Amino acid sequence: MDISRYGRVVMTRWPVDARMLRWLFCPTPQAVGFAARNTVASLVALAIALWMELDSPQWAVATVWSVAQLRRGESMSKARWRIVGTLVGAVAAVVFIAAFPQQSWLFFPAVAMWIGLCSFLATFSLNFRSYAFVLSGYTCSIIAVAAASQPDNVFFIAISRATYIVLGVVCEAGMAMVFTLNLSARARGMLVARMEDVLHQLGGLLREIVLHERDALVHAGEFSHMIVSVHQGLEFLAIEMGRQARAGDHARAVLAEVSILVTRLVGLSGGAERALLAGDGAFADTRGQLLHLCARLSAIRLKGDALAELRAQVAHLHVLFGQRAARGTQEMARITHGVLAATMADMLSALEHCDAIFQPPPHDRFHFHLGGHRDLRLALYNGLRGAAAIMLAALVYEVTAWPGGMGFIAITTLVCGLFATRENPVVGTIRFLSGAVWSAVAAGCLDLLIVPYLSDYEEFAFALGLFLFVGGLAKCSRGTAGAAAAYGLLMPNLLMPGNQSRVDEVAFFNNALHTVLAVGLSVLVFRLVLPFRARDERQRFGAYIRGELRRLCLVPLSPTPQWWIGTSLDRIGRMVRHAAQEHDAAAGRGIRLMLLFSAVGLDILLLRELKRQRRDAVADVITTLLRLLVRYRPVSPRGVAVVRVARGRVARMERADPGNGRLLDVLACLDGISRTVTACLAAMEAGVE
């Protein structure tokens, strides 16, 4: 065999690239700082726990790495909710042990139901509030399992766990304060950069919409995903800036206004082209003005002069498009200019909120909340999966009488809780399992090869610090972050340091075996019990939103456009993420369909707002239309027919009163519903999921 051929064989069988280990040999300064900071915090927490003679000091180390996040705001939020979840879980454990001290098959179902309930509720929460729910679940299990053989000591075990959890949180927070400087100013700068990026992406998307490019709706779905990602990170930036800052609320308002603007233009699809074909001379200038605005948005920097100039340009376009809507000769061109004037009003409002971020007004009390989707079926599935995993682990323990069975149940609960709140719990489970294996290898090296030759804590801290530092570097790399999360959480638990004890070979292998098997069981549960599928989610979202469009016509108190857009963005963002995770190329059609549904809902809500403005003949037409849409469904051929009939009636009113801007707004909404529903029906007939 020649060398070149041998080399090719080796590369085929062992596809190891030097870039895969770049995180270890060429880490970034941020990664080194993160790893060093949390390694020191872990060693300090362990030293204090050993000095206090706590029964499980390893959990103080695990808490540091569980709370530690790359962003300081994320760490602060997670630490706060970890303390809350720990306290609730400790109380629940005391209750269960007191209620079922000697009845194992009343105790285990009760714990399984508690885990399922916590996972169910966690699905309806965002960010680390959901973490508090799952933490209360698996904290209850860990304390109750530890106290099952000694129920009289359950209170002291609960207090002990709460103590080292608080200890780990305090050590991580204290070390982060030492290493972090100018946190508020840096957070505000990052927030401004995020808003600039949103405006840049908006400029490119608007250009595609104005030029009627083919992939505009696909890119609109990606833009929605970006909006959702930015929105989820605003909470942490707001924490870093302090409670008095309202910049996070202004940023959420920017995202809402920008999203409404894009949805308006999605509903306008086709209208601008028809106006151009109708021969409206002013529309060529309108197109040029919009393209110039897109160029300005794509290069904008949120500085005083640049932002003021952009606001002046948008205000000028708002007035200009409003005048052309009132004075135009072609009906379609007037409707199009009316919608464009409304979009300029949305953009002007977004820029005003950007100015409030850049230059906070004195005594600002502004508050804004952007809604999100709450998936009842996903929550139910998460609860059932968690309960099933605990019952299966308990059955294994009861049948085998395994000495490590209680630890097997506790680790199963922990892993199921961590993955239960994920939108797609299957993603990342294999990496977490690999991290559990690596944690067993690292703990084995320490317990069996290094610790027996050490005589004091300083030597032990140096050896342990090297392993923790490597885990910290891995956590800063996207490719190894999932495995590093398992490594930092499980390796201290396998190490089991103590003042007067050392782990022998038998105890270590038993502990490592039940830990790795517990993670493997959790992976099997998430892959086999009610497995997640992105295609099923798209079909479920499509059916749900079609029913929701009908309810928008029916409910007495209609939601705000901001709530509707926030919920729609959340759904679209999830679909984009899950399609990327599963490399599903066919998901683009379903995402485009959801964008069209979102535009239909926005037009319905705008019609209801126009109806509430005045009680007249137009309001009666809208009332009749909404009743018929409830009966025939908005997304249906009959729904299109009744919309067109209502549009004809309003068009006759508008010709009789050409200066009435309210009638023009109603026509724009009716045209938007008719066009988007027609496009939805065509896409559904073509086989869109």
Side-chain angles (χ1 to χ4, degrees), residues 18-49 57-79 82 128 164-165 167-183 186-187 190 236 240 418 428 431-432 434-446 450-451 457-495 497:
R19 289 175 296 181
M20 296 175 62
L21 297 177
R22 185 179 179 86
W23 61 270
L24 180 60
F25 297 110
C26 300
T28 63
Q30 292 79 8
V32 173
F34 174 82
R37 178 180 79 224
N38 291 293
T39 298
V40 173
S42 301
L43 297 177
V44 171
L46 179 60
I48 296 175
Q58 67 270 15
W59 283 109
V61 181
T63 298
V64 171
W65 287 101
S66 176
V67 170
Q69 302 294 317
L70 299 180
R71 291 290 309 166
R72 184 70 197 119
E74 295 181 25
S75 297
M76 295 167 68
S77 176
K78 193 172 185 179
R82 184 174 179 88
F128 292 121
Y164 48 70
I165 291 298
L167 173 62
V169 168
V170 170
C171 289
E172 192 278 335
M175 196 58 59
M177 290 177 62
V178 173
F179 279 82
T180 305
L181 300 175
N182 300 324
L183 183 62
R186 291 168 56 188
M190 182 169 290
F236 310 125
E240 294 177 4
L418 291 176
R431 290 184 178 179
F432 197 88
S434 68
V437 173
W438 280 110
S439 69
V441 172
C445 292
L446 282 167
I450 298 177
V451 173
Y457 179 76
E458 289 76 8
E459 295 175 348
F460 173 71
F462 178 78
L464 176 60
L466 293 178
F467 285 84
L468 293 177
F469 185 80
V470 172
L473 294 179
K475 196 169 184 179
C476 295
S477 175
R478 180 176 299 180
T480 57
Y487 179 89
L489 187 63
L490 300 178
M491 194 269 283
N493 184 54
L494 294 173
L495 191 61

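Remember, predicted model here, so these are calculated numbers, not experimental data.
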Just verifying a value: how many Å separate L495 CG and L490 CG, rounded to the nearest 0.5 Å?
12.5 Å
Given Y164 and I48, is the side-chain contact (heavy atoms from CB on, under 4.5 Å) satisfied, shown in steps?
CA-CA 9 Å; Y164 48 70; I48 296 175; over 6 Å; no
Going by heavy atoms in the side chains, are L468 and M491 under 4.5 Å from each other?
yes
Could you go step by step and tell me if L464 and L46 meet the side-chain contact (heavy atoms from CB on, under 4.5 Å) rule?
CA-CA 11 Å; L464 176 60; L46 179 60; 3.8 Å; yes
Results of side-chain contact (heavy atoms from CB on, under 4.5 Å) for A173 - residues two or more places apart only:
R72
Using modelled atom types and a 3.5 Å cut-off, is there a donor and acceptor pairing between side-chain atoms of S439 and backbone atoms of A436?
yes
Residue list, side-chain contact (heavy atoms from CB on, under 4.5 Å) with A41, at least two apart or on another chain
V64, M175
For W59, side-chain hydrogen bond (donor to acceptor under 3.5 Å, both in side chains) partners two or more places apart
none
Summary of side-chain hydrogen bond (donor to acceptor under 3.5 Å, both in side chains) pairs that have at least one residue in residues 32-48, sequence neighbours excluded
S42-W65
Interatomic spacing from CD in Q69 to CD in E172 - rounded to 0.5 Å
8.5 Å
Is a side-chain donor or acceptor of K475 paired with a backbone partner of F34 at a separation under 3.5 angstrom?
no
Is C476 close to T28 at the side-chain level, that is, under 4.5 Å between some pair of heavy atoms?
no
Test of understanding: with side-chain hydrogen bond (donor to acceptor under 3.5 Å, both in side chains), list the residues that count as partners of T480, not counting sequence neighbours.
none
Can you measure from CD1 (I450) to CD (E459) and round to the nearest 0.5 angstrom?
11.5 Å
For V437, give me all partners under side-chain contact (heavy atoms from CB on, under 4.5 Å), at least two apart in sequence or on another chain.
V516
Identify the two heavy atoms, one from L167 and one from A45, that lie closest to each other, and give their separation to 0.1 Å.
CD2-O, 3.4 Å
Restricting to ring pair (Phe, Tyr, Trp, His ring centres under 6.0 Å), what partner residues turn up for F467, sequence neighbours left out?
none
Distance-minimising heavy-atom pair for P492 and P497:
O-CD, 4.1 Å
What's the shortest heavy-atom distance between A486 and F432, and which atoms?
CB-O, 3.3 Å
My understanding is that only residues two or more places apart in sequence, or in another chain, count here; which of them pass side-chain contact (heavy atoms from CB on, under 4.5 Å) with V451?
L446, F460, R502
